[in-house]
There are 2 protein chains.
Amino acid sequence: MEISRRADYAMRVILDLAMLPSGMRARARDIARRQAIPYAFLQKIIRDLCAAGFIEASRGRRGGVRLARPAESITLLEVLEAMEGPIRLNRCSREPHLCPRWSFCAVHPVWAQAQAYLEQLLGSTTFAQVAERGRQIRAMQSRNGAHGAAALSIQEASIAQAPRI
Amino acid sequence: MEISRRADYAMRVILDLAMLPSGMRARARDIARRQAIPYAFLQKIIRDLCAAGFIEASRGRRGGVRLARPAESITLLEVLEAMEGPIRLNRCSREPHLCPRWSFCAVHPVWAQAQAYLEQLLGSTTFAQVAERGRQIRAMQSRNGAHGAAALSIQEASIAQAPRI
DNA sequence: TAAAAGTGGACTATATCGGTCCATAATGTC
DNA sequence: GACATTATGGACCGATATAGTCCACTTTTA
């Protein structure tokens with residue numbers, strides 16, 4: 001019940017790149033500093049993101065990494081699952097019929113519902129959207145003091161009502 | 001991103017007891033068999049559930065455990081959090097202001113939203129409701145063959161649409 | 001050609017998970 | 001009162017995952 005630091009970092013790397021002008025590279029050092037990720041750990045994460053096809057890297061003097069696909073086409077779910085494998089809230093909440101108890105366990109539908117919501121939310125949110133929000137926050141903070149945007153960014157996130165079982 | 005076996009087992013213990021006639025005791029051995037939980041592990045879990053006040057135990061010849069509170073008053077969230085501590089999907093999704101980046105990290109609202117949904121869903125579902133569903137499934141399966149109820153129990157779980165960010 | 005980047009891989013410390021085992025205490029039954 | 005039965009408390013454990021670190025090496029470019 002908590003995503004790994006690795007996955008969290010990976011998502012912040014993609015976000016960092018998505019907020020850059022299209023096609024621009026960033027050096028790992030700079031990403032590490034901006035996103036507060038241990039550089040040595042970031043090295044490994046960047047390799048994984050390359051292997052998964054989300055980013056592409058170039059070496060040497062003016063090297064760095066950049067998105068290999070448009071940010072509009074990358075969802076939070078995709079990156080998360082690339083780092084952690086298929087997500088699931090409970091052992092039986094994905095591929096429910098693989099659980100020997102699925103046909104009669106009454107808690108099952110609750111997990112199935114939570115899982116479906118999560119997949120839907122993360123799977124329909126792209127890094128383009130998140131980056132756009134990031135730009136708004138940045139703009140707002142540069143206008144009015146350091147903490148101007150915080151309250152708004154939370155308020156704006158429409159919290160869904162959870163339907164009963 | 002997956003609740004512990006311990007928490008899953010704990011919830012199934014409470015469900016098992018909630019499906020019994022009110023006030024009736026069950027022996028740990030029987031719960032272990034019915035719920036397919038390793039008995040030695042269950043011993044420890046039962047102790048924790050006692051300490052948390054969900055169940056009460058009595059020793060000796062006709063001993064066993066039973067619910068210490070009405071099933072209507074116990075939510076899935078309560079039991080889950082008693083076993084795992086406050087739930088969170090990401091390090092920063094609970095107590096967001098404790099994260100040094102919360103005021104400008106654009107992924108934050110997504111985690112906050114998912115977290116809120118999960119808390120709402122699990123916090124508003126009681127073991128009385130789940131037990132009732134369990135009784136329905138049981139009744140249905142005893143009427144028509146072993147796998148009769150499975151499909152229905154999934155269909156009936158109304159899957160919520162996830163609102164966009 | 002030298003500095004600056006990413007690359008690949010070995011390595012590690014720590015914690016958590018998912019248990020097991022057992023000696024002991026309490027309790028009902030005969 | 002003896003005995004079988006049940007929970008209790010705590011010690012113990014192996015495997016795996018996590019969250020990193022470190023570094024020698026290759027590639028690129030100014």
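Keep in mind the model is a prediction, meaning the values are calculated, not measured.
- A cation-pi arrangement is present between Arg5(B) and Tyr9(B) under the rule of less than 6.0 angstrom and at most 45 degrees off the ring axis.
- Closest to the side chain of Ala57(B), from the set dT21(D), dA19(D), dT8(D), is dT8(D).
- Per the geometry, NZ belonging to Lys44(B) stands 14 Å off P belonging to dC13(D), to the nearest Å.
- Between Ile46(B) and Arg5(A), the residue anchored closer to the 5' end of DNA chain D is Ile46(B), taking for each the nucleotide with the nearest heavy atom.
- Atom CD1 of residue Ile31(A) and atom CZ of residue Arg25(A) lie 12.0 Å apart, to the nearest 0.5 angstrom.
- Considering only the side chain of Cys50(B), dT8(D) comes nearest among dA19(D), dT8(D), dG9(C).
- Distance Asp8(A) CG to dA17(D) P: 20 Å, rounded to the nearest Å.
- Put simply, CZ on Arg91(A) is 10 Å from C1' on dC17(C), counting in whole angstrom units.
- For the pair Arg29(B) and Tyr39(B), the cation sits on the ring face: its NZ or CZ lies under 6.0 Å from the ring centre, inside 45° of the axis.
- Residues satisfying the side-chain contact (heavy atoms from CB on, under 4.5 Å) test with Glu95(B), not counting sequence neighbours, are His97(B), Leu98(B).
- Contact annotation: Tyr9(A) side-chain N/O to dG20(D) OP1/OP2 distance is under 4.0 Å.
- In this structure, the nucleotide among dG6(C), dG19(C), dT8(D) sitting nearest to the side chain of Arg27(A) is dG6(C).
- Rounded to whole angstrom, the span from the CD atom of Glu2(B) across to the C1' atom of dT16(C) amounts to 14 Å.
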Inset, instruction - Let me have a per-nucleotide readout for nucleotides 24-30 of chain D, 5' to 3', with B, S or -, counting only protein heavy atoms under 4.0 Å. - result: --BBBBS
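- Contacts of Ser93(A) classified as side-chain contact (heavy atoms from CB on, under 4.5 Å), with partners at least two apart in sequence or in another chain: Arg88(A), Leu89(A), Asn90(A), Trp111(A), Gln115(A).
- Residue Leu67(A) is tested with Ile55(A), Leu20(A), Leu49(A) for a side chain to side chain contact (heavy atoms under 4.5 Å, CB included); the sole match is Ile55(A).
- By the 6.0 Å and 45° rule, Arg69(B) does not stack over the aromatic ring of Phe54(B).
- Look at CG on Asp30(A): it is 14 Å from C1' on dG6(C), rounded to the nearest Å.
- For the pair Arg6(B) CZ and dT20(C) C1', the interatomic distance rounds to 16 Å; values are reported in whole Å.
- For the pair Ala40(A) and Gly64(A), nearest-nucleotide mapping onto DNA chain C gives the more 5' position to Gly64(A).
- Between the P atom of dG9(C) and the CZ atom of Arg47(A) lies a distance of 8 Å, rounded to the nearest Å.
- For the pair Ile45(A) CD1 and dG8(C) P, the computed distance is 16 Å after rounding to whole Å.
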